[in-house]
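Notes to accompany the following structure.
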Protein chains: 2
Amino acid sequence: MNKFSVIYETLKKKIDQGDYLQTMMLPTEAVLVEEYDCSRNTVRRAISQLIDEGLVYSVKGRGVVILEKQNTDELLLNLSNFNGIQALNSNQKIDYQTKVIKFTKLTITDELHQLTSFPIGTEVSYIERVRIVNEKRMVLDINYFRTEIVSGLTEEIAKKSIYHYIEKDLGVKISTSRRHLKVEGATELDTLSLDLQEYNCVGIISNWAYTDMGKLFEYTESHFIPDTFAFVELSTKR
Amino acid sequence: MNKFSVIYETLKKKIDQGDYLQTMMLPTEAVLVEEYDCSRNTVRRAISQLIDEGLVYSVKGRGVVILEKQNTDELLLNLSNFNGIQALNSNQKIDYQTKVIKFTKLTITDELHQLTSFPIGTEVSYIERVRIVNEKRMVLDINYFRTEIVSGLTEEIAKKSIYHYIEKDLGVKISTSRRHLKVEGATELDTLSLDLQEYNCVGIISNWAYTDMGKLFEYTESHFIPDTFAFVELSTKR
DNA sequence: GAGTGGTCTAGACCACGGT
DNA sequence: CCGTGGTCTAGACCACTCC
């Protein structure tokens, strides 16, 4: 464990325990340097992580202010979670079923290029899957995987975890991903595949994932039903 | 302008111009130190910003990989933007109208505490406003402002920008905010206030904002109609 | 083994807040 | 004015990638 991570974890726990309730401020950097016997940069790095997380806010000349607590809502997903819907599973110990409803190969046309950002002519695996939680069809995943990078995909693999296959079996390293979130009217496919009940809209997360060589290898849309998911985001002043 | 910001901006421009197309890598840190005549930490800080933004990805032992470009979609809002719906205005030069439909004071009950996180008994201004863009009622804002901090609110101010009043007139410094995003069925208020057409769902952004003293001073829900907004988010491997 | 990024140190100077 | 956080430097050692 990195030194700065240890300091970060410790501070986080102390904030949580209410150790700083009197002042609602962190100790000054100088004090923390003394306390953890490290350089100022290391303390600052730990504090940066707390700032990124929205737990504290730093004011030049005054100190690091602890933000008032907010009610925690256990049902939240963080959009930054790497494994999207898998996170639901691990966090909340609900297991879900996956049904593959389409599995084929496509070549990227101009229209698909607009949607996916893959270069025109790229060959991709196209997969439609439905995620069923407690017998409710909650999420429709539409995947486009670049076959040049993700080869040997089968319907069997798609039933389990494609990411596990990509990372563990193919040894592809995943670096980073960009996501969009929007609300749209339900398509015919949505209505057929999901338990929308009376609703006629879906939430859509679009996800572009890159290998550690900087190549786009996946575009995925996850269509989810209303009332079930929420996403968190933080923002800090400029 | 900070040194690291200059380096960041320069690198970003060069990436955009395709200056690094041959390798799809940034120059090594050592080269950049030379080029910008600065310390390694400063270069690293500039690169961190590019990583945070999802433009590049760093691999230990190899270098900093530039990620393939993604189609840009002009209609995107960044959830991290501080001013929420105001951003729409400035980015896209559409001006919008604001209609105040309710303006009153409330005391936080147990139920409202669950929703807003304000302590029970706190006095707040409660405001409902509709944002009309191109004659379409697109967003319903429901605000709760802590009167202890945001005093002297009037309906006149609510018609314009409450944030401008808070920051410029009251001199309250805003530090940070947390946001949630979810999709829910439309309430009766939504149906009455928004041009939902055939849709029966809304997107909801919940926003908790803090002063630079760490006090929660605002809770706001923005209900928006489907098909009009999208939000961006980045995630990088642990 | 050479070269790369990741962590950490010790110290300097500046800008801002509160008194 | 003093104490605070913000920026920047110069150098050290480690862990990883690639040849």
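Protein chains get the first letters and strands the later ones, always in sequence-line order, with residue 1 at the start of each.
Side-chain contact annotation: Glu123(B) with Thr147(B), donor-acceptor N/O pair under 3.5 Å present.
In this structure, Tyr8(A) has no ring pair (Phe, Tyr, Trp, His ring centres under 6.0 Å) partners at least two apart in sequence or on a different chain. Under the ring pair (Phe, Tyr, Trp, His ring centres under 6.0 Å) criterion, Tyr126(B) pairs with Tyr144(B), sequence neighbours left out. Scored by the ring pair (Phe, Tyr, Trp, His ring centres under 6.0 Å) test, Phe217(A) finds no partners at all (sequence neighbours excluded). Residues satisfying the salt bridge (Lys or Arg N to Asp or Glu O under 4.0 Å) test with Lys215(A), not counting sequence neighbours, are Glu148(A). Take Val65(B) and apply the side-chain contact (heavy atoms from CB on, under 4.5 Å) test, not counting sequence neighbours, and it matches Met25(B), Val59(B), Arg62(B).
Between Ser58(B) and dG6(C) there is a side-chain polar atom (N or O) within less than 4.0 angstrom of OP1 or OP2. The phosphate of dC16(D) (OP1 or OP2) has no side-chain N or O of Arg62(B) nearer than 4.0 angstrom.
We find that CD of Glu29(A) is positioned 6 Å from P of dG6(D), with the value rounded to whole Å. Atom C1' of nucleotide dG3(D) and atom CD of Glu34(A) are separated by 16 Å, given to the nearest angstrom. Separating the NZ atom of Lys60(A) from the C1' atom of dG5(D) is a distance of 8 Å, rounded to the nearest angstrom. The interatomic distance linking Ile51(A) (CD1) with dG5(D) (P) rounds to 10 Å, in whole Å. Separating the CE atom of Met25(A) from the P atom of dG3(D) is a distance of 15 Å, rounded to the nearest angstrom.
Nearer to the 5' terminus of DNA chain C, by closest-nucleotide assignment, is the contact made by Leu26(B) (compared with the other of Leu26(B) and Met213(B)). With the nearest nucleotide of DNA chain D identified for both Lys173(A) and Pro27(A), Pro27(A) has the one nearer the 5' end.
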When you compare the protein's N or O atoms with those of nucleotides 7-11 of chain C, which come within less than 3.5 Å of each other, and at what distance?
residue, atom, partner, partner atom, Å
dT7(C), OP1, Asn2(A), ND2, 3.4
dT7(C), OP2, Arg45(A), NH1, 3.1
dT7(C), OP2, Arg45(A), NH2, 2.6
dT7(C), O4, Arg40(B), NH1, 3.3
dC8(C), OP1, Lys3(A), N, 2.6
dC8(C), OP2, Phe4(A), N, 3.4
dT9(C), OP1, Lys3(A), NZ, 2.6
dT9(C), OP2, Ser39(A), N, 2.8
dT9(C), OP2, Ser39(A), OG, 3.2
dT9(C), OP2, Thr42(A), OG1, 2.7
dT9(C), O4, Asn41(A), ND2, 3.2
dA10(C), N6, Asn41(A), ND2, 3.2

